[in-house]
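A quick write-up on the structure given underneath.
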Amino acid sequence: MKLSPRATIALLPLLLSACFSTGEESRGISFTDDRGVSSQPYPSNHKGEVLAFMRTYLNNPVGIREAQMAEPVQRTVGGRLRYVSCLRYTARESDGSYREPRERAVVYVDARLDRVLENPGDACAGATYASFPELEKLTR
């Protein structure tokens, strides 16, 4: 059955409205959406996740020096309460030299690594660092 152009135009709003829903399933996937949970779970595997991430984040993860990490604490990031762990390290540059230490904030959502902030600002203010020798032992 072939519809006339007028019938097609008249049915278009009805067909489009079938594509939309007001239910929970219509929301997009977001790694930072807390889905209504008022408190975030503690990231118990934070060191393992940071090591796995840093292996891919750094061009050359070999030869890291002065690695330190703070235990995750709850901080407000982007208006939401998240666990944040601060990380300091000195990575070897491509020419073999070392520059000043870098500081990063690792943000966790639902106890999993969500993102790394390259400019942590207040997220790492007052962090208590401990040595993180596992990061210094990374290989390619």
Side-chain angles (χ1 to χ4, degrees):
M1 175 176 149
K2 186 170 182 179
L3 296 175
S4 70
R6 282 190 181 158
T8 303
I9 291 172
L11 288 175
L12 186 60
L14 179 64
L15 294 172
L16 288 175
S17 68
C19 295
F20 296 100
S21 170
T22 59
E24 289 291 318
E25 69 276 6
S26 68
R27 295 191 319 180
I29 295 173
S30 171
F31 292 113
T32 58
D33 186 15
D34 62 8
R35 293 174 303 286
V37 177
S38 61
S39 64
Q40 290 287 308
Y42 183 81
S44 58
N45 189 27
H46 62 279
K47 286 186 177 183
E49 289 192 26
V50 166
L51 290 171
F53 177 80
M54 293 300 284
R55 184 172 279 116
T56 61
Y57 176 73
L58 298 170
N59 289 333
N60 182 4
V62 177
I64 293 175
R65 294 182 182 169
E66 303 169 12
Q68 299 177 324
M69 186 173 184
E71 289 294 316
V73 295
Q74 288 190 325
R75 304 278 180 153
T76 301
V77 178
R80 295 177 185 252
L81 194 59
R82 302 287 185 228
Y83 271 100
V84 176
S85 180
C86 296
L87 183 65
R88 276 191 195 151
Y89 61 92
T90 304
R92 184 168 34 186
E93 299 296 325
S94 58
D95 63 1
S97 67
Y98 289 90
R99 297 202 180 123
E100 72 263 359
R102 297 177 183 149
E103 184 175 51
R104 305 287 188 251
V106 182
V107 181
Y108 302 90
V109 174
D110 293 332
R112 301 190 77 186
L113 191 150
D114 182 62
R115 65 186 179 274
V116 174
L117 304 177
E118 292 190 3
N119 299 310
D122 291 340
C124 289
T128 304
Y129 290 93
S131 67
F132 189 23
E134 297 92 339
L135 186 59
E136 295 176 3
K137 296 175 185 173
L138 279 182
T139 60
R140 285 185 186 235

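The analysis underlying the following values was restricted to heavy atoms, covering all of them including side chains, and did not include hydrogens, waters or symmetry mates.
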In short, Met69 meets Val50 closest at the heavy-atom pair CE-CG2, 3.5 Å

Test item: Glu66 and Tyr89 side chains (from C-beta on) under 4.5 Å apart, heavy atoms: no

For residues Arg104 and Glu118, determine if any side-chain heavy atom of one lies less than 4.5 Å from a side-chain heavy atom of the other.
yes

Check your understanding: Same cluster for Leu135 and Tyr129 if Ile/Leu/Val/Met/Phe/Trp/Tyr side chains link at under 4.5 Å?
Key -> no

Close side-chain approach of Leu113 to His46, heavy-atom, < 4.5 Å: no

Minimal heavy-atom distance between Ala111 and Gln40, with the atoms involved, is N-OE1, 4.5 Å

query = Is Met54 close to Pro61 at the side-chain level, that is, under 4.5 Å between some pair of heavy atoms?
reply = no

Report yes if the side chains of Phe53 and Val106 come closer than 4.5 Å at any heavy-atom pair, otherwise no. no

| Do Leu87 and Val116 belong to the same hydrophobic cluster, where Ile, Leu, Val, Met, Phe, Trp and Tyr are linked whenever their side-chain heavy atoms lie under 4.5 Å apart, directly or via other members? | yes

Distance col, row Glu93:CD vs Arg99:CZ, nearest 0.5 angstrom, shows 4.0 Å

The residue among Ser44, Ser85, Cys86 that forms side chain to side chain contact (heavy atoms under 4.5 Å, CB included) with Pro72 is Ser85

- prompt: In terms of hydrophobic clustering (I, L, V, M, F, W, Y; side-chain heavy atoms under 4.5 Å; direct or indirect links), are Tyr83 and Leu51 co-clustered?
  reply: yes

### Task
Could you check if a side-chain atom of Leu58 sits within less than 4.5 angstrom of a side-chain atom of Ile64, using non-hydrogen atoms only?
yes

Are Tyr108 and Asp114 side-chain neighbours, meaning at least one heavy-atom pair lies under 4.5 Å? no

May I ask you to say whether Arg55 pairs ionically with Glu134, meaning some side-chain N is under 4.0 Å from a carboxylate O? no

inquiry  = Can you confirm whether Arg112 is buried at CZ, in the sense that more than 12 heavy atoms of other residues, nucleotides or ligands lie under 6.0 Å from that atom?
reply    = no

Please determine whether side chain to side chain donor-acceptor pair (under 3.5 Å) holds for the pair Glu71 and Tyr42, giving the CA-CA distance in whole Å, both sets of side-chain angles, and the decisive distance to 0.1 Å. CA-CA 10 Å; Glu71 289 294 316; Tyr42 183 81; 2.9 Å; yes

A side-chain contact here means heavy atoms from C-beta on lying under 4.5 Å apart; do Arg92 and Val62 qualify?
yes

